[in-house]
Undergrad: 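One structure, as C-alpha cells, below. Some questions next.
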Amino acid sequence: MKNKRVYVNEIKKGPVFLQGWVHELRDLAKVKFILLRDVSGIIQCVVKDKKLFKDFSKLTLESVVAVKGKVNAAKIKSPEVTRKEIEIEITNIDIINKAEQLPILVVEKDKTIKTDLSKRLDYRSLDIRKQKVKAIFYIQSEIVHTFREFFKKNKFVEIQTPCIIASASEGGTALFPVQYFEKKAFLAQSPQLYKQLAAISFEKVTCVVPVWRAEKHNTVRHLNESRQMDMEMAFADDFDVMKYLEACIQFMISEVNKNCKKELELLSLKLKIPKAKYLSYDETIKLLQKNKSKTKQGEDLAPEDEKILYKLYPDTIIFVHSWPNKLKPFYIWPKDKKVSAGFDALYGGIEISSGGQRVHVPEILIKRLKEQRLNPANFKHYIDSFRFGAPYHSGWSIGLERFTMALLGLDNIREGCLFPRDRERLTP
Ligand code: AMO
C-alpha cells in the first residue's frame, strides 16, 4: 500500500511518512541530523540507528527524500525550524533524487557570502527555494488574487486581450516584432486599446496580462516582459478611476497584511495602509523645484523627483494628475489645449501606475495621433469603434513587478519577477 504523505505543519503523532528536500545536514559522531523542508515548513529529523548511517552519508543538500519515522517531543532552537516542539526519529530514508553539488546555496548562513543577483537568476529554480525569496512570490500571488477579488466585488468583468497586435499603443519605438504569416505584427506593449474597446460595451472591465517592451535600457526598474493589472470603466473620468486605484491599493495591502503575516515577518516588513495625496502636475513641479529638483515645467519626472516626493509624503499614494498633453499618449483625453486628463500614481518612491480619461471622439483621436506623429490609417479599426456610440471612459494600469518592488522595498525589479526578461537575459 502507498504510504500516506503528511506535511510538516500537519504532523501530530507518529509513525509518519514525509517527503521533501534536505535543507541542512549535521553529522555528529553518534547522531546525525537532517533538516527536512517541504511546502509547509521545516522539521528536524534525527538519525540514531547506526544501520541508517550509510544512507545518511549519501545525502547532499537539496536532495529530494522520503523518510519514515516516529514523532518525539523536542525543544529546537534553530530559528529556521518551523516545528520547534517536535522532531522525527528516522526509521527509513529513501533518496528520490540526489542533488549534485549546488552552484548557489539555498541556505546562506554567513551574510558575507551573499550570491550576486545575476548568478542567482542563472539558477533561479534553486534561488526560489530560499525562504525569503519564496516569501516575495507568496506575497505577489496574494497581490494578484486580491486585485481580482477587488474588481469582482465591484462587478467588473475580467477580459482576455490579444498578445499579438498590429500597431503600437504606447509610442512607436518599443515594440518586439513578430512574423505573423505574411504580415508584420508585434508583441503587445499593453492591453490599452483592447480594454477600451471592451469598456465601451461592457462598461466595467479588468485584466491581468503580460506585456512586452523592447526598450534597450537596462535599469533596476524596467523589464522587457512584465505583467500589468488593468481596469477600464465607462462613464468615468480621471478622478473617478483614481479613487478606484486608491481603494484597490489599500485593499491589496490590507489583504497582504492579513494573509501573509509569516512572509512579512521573514522579510522584516510592517506595511502601513497608505493615505492618498492628489497633486496637479503644475503643483508637483513647483513643489519639486522648491526641494532642489532641476526638473522644469514640460518635462517628465526623473527617478530622483519620485524619491523627493516619497520623502515629502511617505506611506502615501501620490497621484500626479493633469499632465501636459504632450507628455501623455495619444489616447489620453485633452482637457484643453495644454492640459490632459492623464495621471501617474507613485508609491514607495516609484511610479507604480498610470492612467487617465481616454479620447472617445474619433475626430479628436485622429488629431491626437497626428500631433504625436502617428498615422491614423494604422489605427482605423480602433478609431472606427468609437463611431457607434462610445461613452467617455477612463482607466489605469498597475505594473505587477513594479508594485511588488515598491511594496516590499526591493532594490531591483528582477527580485519581484520569477523569471525576468531583460536586455541580457532570455534564460532560464
Ligand atoms: P505605462 O506605460 O505607464 O501605462 O505602464 C503602466 C505601469 O506598468 C509598469 N511598467 C513597467 N514595469 C516594468 N518594466 C517596464 N518596462 C514597465 N513599463 C511600465 C509601471 C507603469 O506605471 N496603457 C497605459 C496604462 C493606462 O493608461 O491604463 C500604460 O501601459 O508600473
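Indexing begins at 1, ligand by ligand and atom by atom, following the structure's order.
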Undergrad: Does Arg421 reach the main-chain N or O of Leu426 with its side chain, forming a donor-acceptor pair under 3.5 Å?
TA: yes
Undergrad: Which protein heavy atom lies closest to atom 9 (C) of ligand 1, and at what distance to 0.1 Å?
TA: Gly399 CA, 3.6 Å
Undergrad: Is it the side chain (CB and beyond), the backbone, both or neither of Arg213 that lies under 4.0 Å from ligand 1, heavy atoms counted?
TA: side chain
Undergrad: Answer yes when Lys243 and Asp240 have at least one side-chain N-carboxylate O distance shorter than 4.0 Å, and no when they do not.
TA: no
Undergrad: Output all residues satisfying ring pair (Phe, Tyr, Trp, His ring centres under 6.0 Å) with Phe386, sequence neighbours left out; order by chain, then residue number.
TA: Tyr382, His393
Undergrad: Report the nearest protein non-hydrogen atom to atom 31 (O) of ligand 1: residue, atom name, distance rounded to 0.1 Å.
TA: Ile352 O, 2.9 Å
Undergrad: Answer side chain, backbone, both or neither: which part of Glu215 comes under 4.0 Å from ligand 1, heavy atoms only.
TA: side chain
Undergrad: For Phe239, which residues count as a ring pair (Phe, Tyr, Trp, His ring centres under 6.0 Å) partner, sequence neighbours excluded?
TA: His321
Undergrad: Assign the ring pair Phe403 / Tyr347 to parallel, tilted or perpendicular, where the plane angle (0 to 90°) is split at 30° and 60°.
TA: tilted
Undergrad: Can you sort out which atoms of ligand 1 are near Ile413, meaning under 4.0 Å from one of its heavy atoms?
TA: 13 (C)
Undergrad: Backbone N or O of Ser280 within a donor-acceptor pair of the Glu283 side chain at under 3.5 Å?
TA: yes
Undergrad: Can you tell me if Tyr331 contacts ligand 1 (heavy atom of the residue under 4.0 Å from the ligand)?
TA: yes
Undergrad: Can you tell me which portion of Arg358 lies within the under-4.0 Å heavy-atom range of ligand 1? Options are side chain, backbone, both, or neither.
TA: side chain
Undergrad: Of the non-hydrogen atoms in Pro324 and Ser340, which two are nearest, and what is the gap between them?
TA: O-OG, 4.2 Å
Undergrad: Looking at Asp122 and Lys119, is there a salt bridge between them, counting it only when a charged N and a carboxylate O are closer than 4.0 Å?
TA: no
Undergrad: Could you check which of Lys328, Arg402, Gln192, Met405 puts a non-hydrogen atom nearest to atom 10 (N) of ligand 1?
TA: Arg402
Undergrad: Can you tell me the protein heavy atom closest to atom 1 (P) of ligand 1 and the distance?
TA: Ser354 OG, 3.4 Å
Undergrad: Going by an N to O cut-off under 4.0 Å, is there a salt bridge joining Lys152 and Glu149?
TA: no
Undergrad: Give the residue and atom name of whichever protein heavy atom lies nearest to atom 8 (O) of ligand 1, and the separation in Å to one decimal.
TA: Gln228 NE2, 3.3 Å
Undergrad: Which of the listed options, Ser353, Gly356, Ser226, Cys417, holds the heavy atom that is closest to atom 12 (N) of ligand 1?
TA: Ser226
Undergrad: Do me a favour and list the nearest non-hydrogen protein atom to atom 15 (C) of ligand 1 with residue, atom name and distance?
TA: Leu223 O, 3.6 Å
Undergrad: Which is closest to atom 22 (O) of ligand 1 by heavy-atom distance: Glu351, His217, Arg227?
TA: Glu351
Undergrad: Give a yes/no on ligand 1: does Lys195 have at least one heavy atom closer than 4.0 angstrom to it?
TA: yes
Undergrad: Tell me if a side-chain donor or acceptor on Arg368 pairs with a main-chain N or O of Tyr331 at a distance below 3.5 Å.
TA: no
Undergrad: Can you say whether the rings of Phe319 and Tyr278 are parallel (under 30°), tilted (30 to 60°) or perpendicular (over 60°)?
TA: parallel
Undergrad: For atom 29 (C) of ligand 1, what is the nearest protein heavy atom, given as residue, atom name and distance?
TA: Glu170 OE1, 3.7 Å
Undergrad: Quick one: look at Ile332 and ligand 1, take heavy-atom pairs under 4.0 Å, and tell me if it's side chain, backbone, both or neither.
TA: neither
Undergrad: Is the closest heavy atom of Glu232 to ligand 1 under 4.0 Å?
TA: no
